[in-house]
**Student:** 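Please find one structure pasted underneath; my questions will follow.
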Number of protein chains: 2
Amino acid sequence: MGLTKTEMFTDLQNEIALFAKVLGHPARVAILQHLFKIEGCICGDLVDEIGLAQPTISQHLKELKLLGLIKGNVEGTSVCYCIDKENWTNMKKVMLQFLDQDIDNKNCC
Amino acid sequence: MGLTKTEMFTDLQNEIALFAKVLGHPARVAILQHLFKIEGCICGDLVDEIGLAQPTISQHLKELKLLGLIKGNVEGTSVCYCIDKENWTNMKKVMLQFLDQDIDNKNCC
DNA sequence: AAACTTAATTGTAATATTGCAATGATTAAA
DNA sequence: TTTAATCATTGCAATATTACAATTAAGTTT
C-alpha cells in the first residue's frame, strides 16, 4: 500500500515520525549540516557541495521547508536558505523527549 | 528512481539518515514507546496495542531489530521484544550530536 | 530587448515502503 | 499425536520516494 495509517496514532507519534522522516535522507542531513556550518547562508552552492542534480536538491529543500526546518530568502536571482532557529529548536525538543526516555531495568532480554 | 545515492555522503551522514529513517514511521515510534513504558517487556500484545495487522507489526519489528534498536527473546511460543539499551544509547548519542549543532548568528534570514 | 543566471516546476522512470491475506514454522497444550 | 497459539515469511497491490532531463519563471546584465 505505501500509505501510512496516521489516524491510528497520537499526534505526538505522528509528529515525531514526520520529523524523523525528513531527517531520514543523507542529502537532507548534508544540507542541514552545511547550513549550520556556513557563515552567512548561501544557497545554490548546495548543488555543488552535495553533488546531486539541481532539481533533486530543490526537491529536498522543499521538504525541509515544508516541515519548517529551513527558510528561504529570495535575493535577486538566487535564494538564500538557512535554518529556521525557532522551529529547529522545537523539533529538537520533541525529538529529545522521545530519545531520552528512561530505560526500565526490568527488561527481559 | 527511489534509490538513495548513499555513496556520495559520509558514513556519519548515512548513519544519521538510517537511524532517522527507522524512527520515521508512527508505528515504529509507538512500538518503541510501548517497549519503554511497559514493565518487563511483552511481545505480541503490540499487535493489540497498536492496531495494525500482525504481519505489519512483525515487519516493523524486523526493521527495528535490523538497526539494533530492539532485540527479541523467544519464550515458548511467544517472543519477548525489548529495547537494546546499548545500541539505543549509541543511536541517541549520534542523533543528539546532530540535533545539537549550534546555530550561527550570522544567518541571513 | 536579448542573453544569461538561478532556482522552481513538471513529467517520468526506477525503486522503496506500507499493509495485509495466506501460509509456514515452532512450540505448548490436550 | 492432534490441536491451538504465536510469530515469521511470502506474495501481492497500492502508494511514496528518489533522481533527473526538460522546461518554466523571475530576476540581472549587456
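When reading the values below, keep in mind they use all heavy atoms of this one structure, side chains included, and skip hydrogens, waters and symmetry mates. Lettering follows sequence order; numbering is per chain, from 1.
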**Student:** Residues in side chain to side chain contact (heavy atoms under 4.5 Å, CB included) with B:Lys93, at least two apart?
**Tutor:** none

**Student:** Quick one: side-chain hydrogen bond (donor to acceptor under 3.5 Å, both in side chains) pairs with a partner in residues 14-27 of chain A, sequence neighbours left out?
**Tutor:** A:His25-B:Thr4

**Student:** Return no unless some side-chain N or O of B:Ser58 is found under 4.0 Å from OP1 or OP2 of D:dC7.
**Tutor:** no

**Student:** Who are the side chain to side chain contact (heavy atoms under 4.5 Å, CB included) partners of A:Thr77, not counting sequence neighbours?
**Tutor:** none

**Student:** List for me each residue that meets side chain to side chain donor-acceptor pair (under 3.5 Å) alongside A:Asn90, sequence neighbours excluded, and say none if there are none.
**Tutor:** none

**Student:** Tell me, which pairs form a salt bridge (charged side-chain N to carboxylate O under 4.0 Å, His left out) where one or both residues lie in residues 46-69 of chain A, sequence neighbours left out?
**Tutor:** A:Arg28-A:Glu63

**Student:** Under the side chain to side chain contact (heavy atoms under 4.5 Å, CB included) test, which residues partner A:Leu67, sequence neighbours left out?
**Tutor:** A:Leu18, A:Phe19, A:Val22, A:Leu69

**Student:** Can you list the residues that meet the side chain to side chain donor-acceptor pair (under 3.5 Å) rule with A:Asp100, with sequence neighbours excluded?
**Tutor:** B:Lys92

**Student:** Would you give a per-nucleotide map of nucleotides 19-30 of chain C, 5' to 3', where B means the base has a protein non-hydrogen atom under 4.0 Å away, S means only the sugar-phosphate does, and - means neither?
**Tutor:** BBBB----BS--

**Student:** According to side chain to side chain donor-acceptor pair (under 3.5 Å), who are the partners of A:Asn87, at least two apart in sequence or on a separate chain?
**Tutor:** A:Asp84

**Student:** Taking DNA chain D as the partner, which of residues 13-24 of chain B come within under 4.0 angstrom of it by heavy atom?
**Tutor:** none

**Student:** Given the rule that a pair is Watson-Crick or G-U wobble with both distances under 3.5 Å, how would you write DNA chain D in dot-bracket, using | for pairs to a different strand?
**Tutor:** ||||||||||||||||||||||||||||||

**Student:** Using a cut-off of less than 4.0 Å, is there contact between a side-chain N or O of A:Tyr81 and OP1 or OP2 of C:dA8?
**Tutor:** yes

**Student:** Using the test side chain to side chain donor-acceptor pair (under 3.5 Å), find all partners of A:Gln13 that sit at least two apart in sequence or belong to another chain.
**Tutor:** A:Thr10, B:Gln33

**Student:** Take A:Leu32 and B:Phe98 through the test side chain to side chain contact (heavy atoms under 4.5 Å, CB included) and record every step on the way to the result.
**Tutor:** CA-CA 9 Å; A:Leu32 291 166; B:Phe98 173 66; 4.0 Å; yes

